[in-house]
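Below is one structure, written out as structure tokens; comments come after it.
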Amino acid sequence: MKPLPEQHAELVEAAIHAAQSAGDLPAFDLSDVPVTRVKPNQSGDYASPVAMGLAKSARMKPLDIAHAIVKHLPGADFVGAVEVAGPGFINFHLAPAWLRDQIGAVIAAGAEFGRVDLGAGKRAQVEFLSANPTGPITIGRTRGAILGEGIARVLEAAGYDVEREYYFNNAGAQMRKLGESMRIRYLQAVNVPVDLPDEDDADFYQGDYLIDFARALADEVGDSWVDSDWSAFKEYAEKRIFEWIQASLERVNIRHDIFFNENQLYHNGDVERTLKRLEEKGYIYVAPVREQESDEVKALNAHLKPATWFRSTQLGDSEDRVVVKSNGDPTYTLPDIAYHIDKVERGFDLLVNVLGSDHKKEAEVVRMGLDALGYRTDHLHVVFMQMVHLRRGGEEIKMSTRKANYITLDQMIDETSADAIQYFMLHRNADSQFTFDVDLAVKQSNENPVYYIQYAYVRCAGIFREAAARGFSDDDADLTLLDDEAFDFLRKCLELPETLTYAAQTLTPHTIAHYALELANNFHPMYDRVRVFAEGVDPDVARARLRFYRAAQVAFARVLTLMGMSVPERM
RNA sequence: GCCCCCGUAGCUCAGAGGACAGAGCAGAGGUUUCCUAAACCUUGUGCCGCAGGUUCGAGUCCUGCCGGGGGCACCA
């Protein structure tokens, strides 16, 4: 279904052209026709303030323009009463008959309800999580995972063909440290004396999980690995951690389509090729320090081993960036540019990358790298997210990843629920910090939006259980008997297409969470008054209401699914 | 120092250039012969950080300032 604001805008545009042809409006260029939703305390459902904006170019009073537009407005099944109000607003009321038909339309759409064709025929890729396999998914990474998956689902609902990708690096220094840490834990497990690095050692992974892995490994191979070096242990730890990550993700219904290993960019020569191409374009130089440094600094550092620099200042950067260190190893930047070239060359229409806001600079430099080589980057969007704080018992919990002072996704799920995590991780704008309140997430009351939303669906399901028990059917329901309050709720349901469109365009899945809460907010008070099986309800009215609740149920199932939440029949 | 984000009700936060600024929670009081009370009803709250500007119209866009957070590696 096309969003209603868009449908109204098309009518208004047609009306303006018709009015111009008829001489009721002068000729002028028309850009976008604005249509907004009308607030509940105003008259109408949708409104266009277009007349005010045209007053200058048409050299007419807004009210006269509005009347001219209304006069030439083409008919449409969804348009009921139309009025001009205030300084020149054109207010549209949805047609009652059309509204009644939407109940059947929503039911027929089912799981597809609200779908829009914004991305029809287009391919999108969402890269998210992309954490190196050095440890389990912590609460911060969870936000990235839920956000990425939320964006992917929104894009799918907006008609895109979506691929989910996980980019990882299992070759760098961090992985070597992991292997070393694992080796130490293994030696401990087989009772070989070994110095345990102290807890401030930045090279040592403190997590208990390595102790568990080491015990398991010792049970498996005995002490036959005591002379192995870090790489064997790295392999083992990596395998176990990846299994763990995927099992955790499975619990929140996240499955990536592609796992992209940074290594392949080295093996297939992409990294080297990227460097060469940048060099050919004159963006590369080799020197001990940045070429912008003073002669004094240069002379002072002339004896140092040179590094390879990307002249990003030519593309507006504040300083040039190292792409190959003086020891010959590339920095993260170079393979990252190569990776993005690969992504762009795979021909997606939309590329989304979910990153922590500490990667802002890096993302800019990668974009500059693509610009330098002439790749398009306008379809590349990076969604940055800020940190998650954790609160339990009214107190903030401090977390540090390396020091094993973290909380894993698994722990969070066990302590709260997968549904709570989905909702809370999604409900705030990505680029704002937010605090996950463990106590609130498990609270079974109206303080907790998770249950409030799910309960709306459960209440619908309850009605149909009752109907089945009584053998009462909604066939041939006469919807003219349906209550105004129910239609108000239906109007809210019909906002899903425009909400989805907006969420997809701005890559803001939190708007869906807000919408879901609004929907529940509109539902419960109505449910309280619009009863199906209560004393004194005429059977024909009951039939109409039952039919309506079928549509309401579809709407709640849809928003819950969009948020990755479960759709419980009972609570 | 440079860059990014934020500043809206007591709290947490929505807000897509349009009409009188809006949700949830917290506070106070009430509701159950009825499909689950994980619910409902009633009730108060705003110098939208400050100052300019653009606009017919600014919480929304621009500039400056103040306050808070984050980022600015030959780490990933």
Side-chain angles (χ1 to χ4, degrees), chain A residues 5 34 36-43 47-50 52-53 55-56 62 85-89 91 130-132 134 169 172-175 202 262 288-289 304-309 318-319 321-327 329-333 336 356-362 364 384 386-387 427-429 431-435 437 440 443-452 454-456 458-467 469-470 472 498-499 501-502 505-506 508 510-511 513-515 517-518 521 524-529 531-537 542 545-546 549 570-571:
Chain A
T36 61
R37 221 151 43 219
V38 171
K39 286 172 190 159
N41 51 356
Q42 234 101 35
S43 172
S48 178
V50 70
M52 274 92 88
K56 197 173 250 175
F89 287 97
N91 288 355
S130 296
N132 292 340
T134 58
N169 166 334
Q174 291 303 320
M175 292 305 289
E262 183 191 5
V289 292
L304 294 177
K305 278 181 80 176
T308 304
W309 301 81
S318 54
E319 54 187 23
R321 309 283 159 180
V322 171
V323 285
V324 182
K325 301 184 229 173
S326 49
N327 69 5
D329 293 340
T331 60
Y332 182 82
T333 307
D336 212 9
S357 42
D358 53 337
H359 288 64
K360 268 182 183 165
K361 195 76 231 179
E362 174 65 17
E364 271 177 48
F384 294 102
Q386 294 212 36
M387 216 167 287
H427 87 308
R428 289 282 180 260
N429 195 320
D431 208 3
S432 67
Q433 293 147 279
F434 109 95
T435 303
D437 188 328
L440 175 61
K443 224 175 236 179
Q444 298 191 354
S445 78
N446 56 359
E447 285 171 62
N448 189 341
V450 173
Y451 298 112
Y452 191 70
Q454 285 182 324
Y455 189 50
V458 168
R459 284 182 134 178
C460 293
I463 299 172
F464 288 99
R465 275 195 298 274
E466 182 67 22
R470 295 179 186 225
F472 190 84
E498 67 212 56
T499 305
T501 302
Y502 179 70
Q505 282 170 338
T506 56
T508 50
H510 79 273
T511 50
H514 273 271
Y515 171 74
L517 186 57
E518 270 179 44
N521 249 327
H524 290 293
M526 185 265 320
Y527 170 94
D528 214 53
R529 290 183 287 265
R531 315 290 291 191
V532 179
F533 303 111
E535 264 179 63
V537 176
R545 290 177 176 176
L546 189 61
Y549 278 111
R570 293 170 197 272
M571 280 166 65

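Chain A is the first sequence line, chain B the second, and so forth, proteins listed ahead of strands; every chain is numbered from 1. Owing to the predicted nature of the structure, the values given are computational and were not obtained by experimental measurement.
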Base, backbone or nothing for each nucleotide of nucleotides 70-76 of chain B, written B, S, -, heavy atoms under 4.0 angstrom, 5' to 3'?
-S--BSB
Find the distance [X]:[atom1] to [N]:[atom2] and express it as a whole number of Å.
{"X": "A/M52", "N": "B/rU55", "atom1": "CE", "atom2": "C1'", "value": "13 Å"}
{"X": "A/R529", "N": "B/rU31", "atom1": "CZ", "atom2": "C1'", "value": "13 Å"}
{"X": "A/R545", "N": "B/rC35", "atom1": "CZ", "atom2": "C1'", "value": "12 Å"}
{"X": "A/F434", "N": "B/rC13", "atom1": "CZ", "atom2": "P", "value": "10 Å"}
{"X": "A/Y502", "N": "B/rA14", "atom1": "OH", "atom2": "C1'", "value": "10 Å"}
{"X": "A/R531", "N": "B/rC34", "atom1": "CZ", "atom2": "P", "value": "9 Å"}
{"X": "A/L440", "N": "B/rA38", "atom1": "CG", "atom2": "C1'", "value": "13 Å"}
{"X": "A/F384", "N": "B/rC6", "atom1": "CZ", "atom2": "C1'", "value": "16 Å"}

Phosphate-side-chain proximity, [X] and [N], N/O vs OP1/OP2 below 4.0 Å:
{"X": "A/Y452", "N": "B/rA37", "value": "no"}
{"X": "A/R37", "N": "B/rG15", "value": "no"}
{"X": "A/H510", "N": "B/rG15", "value": "yes"}

Which nucleotide in the set [options] lies at the smallest distance from any side-chain heavy atom of [X]?
{"X": "A/F89", "options": "B/rA19, B/rC41, B/rC56", "result": "B/rA19"}
{"X": "A/P49", "options": "B/rG18, B/rA19, B/rA14", "result": "B/rG18"}
{"X": "A/D431", "options": "B/rC5, B/rC35, B/rC56", "result": "B/rC5"}

Please state the [atom1] separation for the pair [N] and [M] - nearest whole angstrom.
{"N": "B/rC50", "M": "B/rU43", "atom1": "P", "result": "30 Å"}
{"N": "B/rG7", "M": "B/rC13", "atom1": "C1'", "result": "12 Å"}
{"N": "B/rU12", "M": "B/rU45", "atom1": "C1'", "result": "16 Å"}
{"N": "B/rC62", "M": "B/rA38", "atom1": "C1'", "result": "48 Å"}
{"N": "B/rG22", "M": "B/rC61", "atom1": "C1'", "result": "22 Å"}
{"N": "B/rC11", "M": "B/rA26", "atom1": "P", "result": "16 Å"}
{"N": "B/rG59", "M": "B/rG18", "atom1": "C1'", "result": "13 Å"}
{"N": "B/rC48", "M": "B/rU8", "atom1": "C1'", "result": "4 Å"}

When you look at A/K361 and A/S318, which way does the side-chain contact (heavy atoms from CB on, under 4.5 Å) test go after all the steps?
CA-CA 10 Å; A/K361 195 76 231 179; A/S318 54; 4.3 Å; yes
May I ask you to say what [X] touches in the nucleic acid, namely base, sugar-phosphate or nothing, with a heavy-atom cut-off under 4.0 Å?
{"X": "A/V38", "value": "base"}
{"X": "A/D437", "value": "nothing"}
{"X": "A/R470", "value": "nothing"}
{"X": "A/A47", "value": "base"}
{"X": "A/G53", "value": "base"}
{"X": "A/Q454", "value": "nothing"}
{"X": "A/Y527", "value": "base"}
{"X": "A/G462", "value": "sugar-phosphate"}

Collect all protein-nucleotide pairs involving nucleotides 21-23 of chain B in which both atoms are nitrogen or oxygen and the distance is under 3.5 Å.
residue : atom : partner : partner atom : Å
B/rA23  : O3'  : A/N521  : ND2          : 3.3
B/rA23  : O2'  : A/N521  : ND2          : 3.4

Ignoring hydrogens and angles, answer whether the base of B/rA37 and the side-chain atoms of A/D528 contain a donor-acceptor pair closer than 3.5 Å.
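Checked by distance alone, the answer is no.
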Both A/S43 and A/A461 contact RNA chain B. Taking the nearest nucleotide for each, which residue is further toward the 5' end?
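Nearest nucleotide further toward 5': that of A/S43.
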Could you write out RNA chain B as a dot-bracket string, with dots for unpaired bases, | for bases paired across to another strand, and Watson-Crick or G-U pairs counted at under 3.5 Å?
(((((((..((((....[...)))).(((((.......))))).....(((((..]....))))))))))))....
[X]: partners by side-chain hydrogen bond (donor to acceptor under 3.5 Å, both in side chains), with sequence neighbours left out:
{"X": "A/E319", "value": "A/R290"}
{"X": "A/T508", "value": "A/T506"}
{"X": "A/R470", "value": "A/E466"}

Between [atom1] of [X] and [atom2] of [Y], what distance do you get to the nearest 0.5 Å?
{"X": "A/T435", "Y": "A/L440", "atom1": "OG1", "atom2": "CG", "answer": "11.5 Å"}
{"X": "A/H514", "Y": "A/N521", "atom1": "NE2", "atom2": "CG", "answer": "12.0 Å"}
{"X": "A/E362", "Y": "A/R321", "atom1": "CD", "atom2": "CZ", "answer": "9.0 Å"}
{"X": "A/Q42", "Y": "A/N91", "atom1": "CD", "atom2": "CG", "answer": "7.5 Å"}

For the residue pair [X] and [Y], what are the closest heavy atoms and their distance?
{"X": "A/I463", "Y": "A/V532", "value": "CG2-CG2, 4.0 Å"}
{"X": "A/M571", "Y": "A/Y451", "value": "CE-CD2, 3.6 Å"}
{"X": "A/C460", "Y": "A/Y549", "value": "SG-O, 4.0 Å"}
{"X": "A/V537", "Y": "A/R531", "value": "CG2-O, 3.9 Å"}

Start with the C-alpha distance between A/F434 and A/Q386, add both sets of side-chain angles, then the distance that settles side-chain contact (heavy atoms from CB on, under 4.5 Å), and finish with yes or no.
CA-CA 8 Å; A/F434 109 95; A/Q386 294 212 36; over 6 Å; no
Between A/S48 (side chain only) and A/P34 (backbone N and O only), is there a donor and an acceptor less than 3.5 Å apart?
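Yes: the side chain of A/S48 pairs with the backbone of A/P34.
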Determine the interplanar angle of the A/H524 and A/Y452 rings, folded into 0 to 90°, and report it as parallel if under 30°, tilted if 30 to 60°, perpendicular if over 60°.
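Rings of A/H524 and A/Y452: tilted, as their planes differ by 30° to 60°.
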Determine if the base of B/rC40 is syn or anti; take syn to mean the glycosidic torsion is within 90° of 0.
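B/rC40: anti glycosidic orientation.
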